[in-house]
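The structure presented is a predicted model; accordingly, all values stated were derived computationally and were not measured. Note that ligands are numbered from 1 as they come in the structure, with each ligand's atoms numbered from 1 the same way.
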Amino acid sequence: MAGVLASVATFALVGLDSSEVTVEVDVRRGLPVFTVVGLPDRAVREARDRVRSALLNSGLDFPQERLTANLAPADLRKAGPSFDLALAVGVLLATGQVPRERVRGYAVCGELSLGGALRPIHGAVAVSAGARRAGYDRLVVPVENAREAALVPDIDVLGVPTLERLVDLLRGEWSPEAAKPAAPPGEPASGADLADVRGQGDARRALEIAAAGGHNVLMIGPPGVGKTMLARRVPGILPPPSFDEAVEITRIQSVTGLGDGRLASRRPFRAPHHTISASGLIGGGVTPRPGEITLAHRGVLFLDELAEFGRYTLEALRQPLENGFVEIMRGQRSL
Ligand SMILES: Nc1ncnc2c1ncn2[C@@H]1O[C@H](COP(=O)(O)OP(=O)(O)O)[C@@H](O)[C@H]1O
Ligand SMILES: [Mg+2]
């Protein structure tokens, strides 16, 4: 017997960007099993249980049939729980619980709780940037991520609190307004001030020039002369980020889960401990994540006690310093 096939668009984080993933769901007669294929990691395979409970707890049907979900393209590694929502919508479509025509033009991305609430995801800005590039008019994300995702222009971002609400939306029974872009938090808290430093005129002048021109600085001197103190005060003399820079900073923080859902109003200041690994500094991992260099983008990366850092770690800085960007190779892909 022919099965019923449904497909839903979602986006997977790839470095600081996102790439389209099509979730296909096939329902056919057979023993009730739910299989997910297409290079899913553990969290994606666990989505089966979340999707099932979320549907049932939202008063929707979960079919007692054989369900197969495929995440395409199959050669892209799918990590994390943000595929839950697309899988749930795929099941709803394949079982005729929401009309197909309405889902076209939508991309969806979100994690589900067992109760059917949409839980916030990492990298909402990267997801909406990918969705806009792929030509989607509307993106559904958890309501907590909506204003952040709306930082990307020319795509309507719909913040949805629960699966039940999403079903109302897809059935045309609820039409929420598109989210407004995130605003920066009020007055940025004033950090430490360079004015606290007594004397050290030359060092201060050097830091001012470096701050103005975006140069690197190496401070050498005996203990206690104020090197750490000076370095920690550099963010205080940097201009506030422009809107585009703030969006870039927010996007990086959001991918690593450091953001607070608002627009970054300050430049980052990163001071990793000297025991940090090369991949912690440069970025890396099986599913590549940005490192401290990237987290300090448009701000300050401060390596206190430079001589204590591992030789290999410091050597790894050479290429990013010369090229001005970080490149991470994973198999056939480079980010
Ligand atoms: N020029 C200075 N003006 C004011 N305080 C200073 C100055 N130099 C050193 N200090 C004081 O000494 C402390 C130690 O300085 P620190 O920045 O840790 O030195 P270093 O990193 O060069 O070893 C600072 O926290 C600060 O209280
Ligand atoms: Mg020091």
Is the backbone of [Y] close enough, under 3.5 Å, to the side chain of [X] for a donor and an acceptor to pair up by distance?
X: S128; Y: A149; result: yes
X: N145; Y: I121; result: yes
X: S279; Y: G283; result: no
X: R165; Y: V160; result: no
X: K227; Y: P222; result: yes

Quick one: nearest non-hydrogen protein atom to [atom], plus distance?
atom: atom 1 (N) of ligand 1; answer: R198 O, 2.8 Å
atom: atom 21 (O) of ligand 1; answer: T228 OG1, 2.7 Å
atom: atom 9 (C) of ligand 1; answer: G224 O, 3.3 Å

Name of the residue among D41, L71, L39 meeting side chain to side chain contact (heavy atoms under 4.5 Å, CB included) with R77: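 Among D41, L71, L39, the one that satisfies the side chain to side chain contact (heavy atoms under 4.5 Å, CB included) with R77 is L39.
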Evaluate the side-chain hydrogen bond (donor to acceptor under 3.5 Å, both in side chains) criterion for residues D26 and T68: first the C-alpha distance (whole Å), next the side-chain angles of each, then the deciding distance (0.1 Å), finally the verdict. CA-CA 5 Å; D26 175 74; T68 310; 4.5 Å; no
At under 4.0 Å between heavy atoms, which part of Q200 makes contact with ligand 1: side chain, backbone, both or neither?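 Under 4.0 Å from ligand 1, Q200 contributes side-chain atoms alone.
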Taking ring pair (Phe, Tyr, Trp, His ring centres under 6.0 Å) as the definition, give me every residue that meets it alongside F34, ordered by chain and number, with sequence neighbours left out.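 Only F62 meet the ring pair (Phe, Tyr, Trp, His ring centres under 6.0 Å) criterion with F34.
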Just checking, is any N or O donor in the side chain of T162 or E164 under 3.5 Å from an acceptor N or O on the other one? no
Polar side chain donor-acceptor pair, T250 to E148, under 3.5 angstrom: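 No pair is found: no donor N or O on one side chain lies under 3.5 Å from an acceptor on the other.
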Just distances here: any N/O of [X] and N/O of ligand 1 closer than 3.5 Å?
X: G199; answer: no
X: M229; answer: yes
X: V225; answer: yes
X: V197; answer: no

Do any non-hydrogen protein atoms sit less than 4.0 Å from atom 13 (C) of ligand 1?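 There is no protein heavy atom less than 4.0 Å from atom 13 (C) of ligand 1.
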With a 4.0 Å cut-off, strictly under, does atom 19 (O) of ligand 1 pick up any protein heavy atom? yes
With a cut-off of 4.0 Å, which atoms of ligand 1 are near a heavy atom of P223?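 The atoms of ligand 1 under 4.0 Å from a heavy atom of P223 are 23 (O).
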Looking at D304 and R232, is any side-chain nitrogen of the basic one under 4.0 Å from a carboxylate oxygen of the acidic one?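 D304 and R232: not salt-bridged.
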Atoms of protein origin (N, O or S) under 2.8 Å from the Mg ion (ligand 2):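 T228 OG1, with waters left out.
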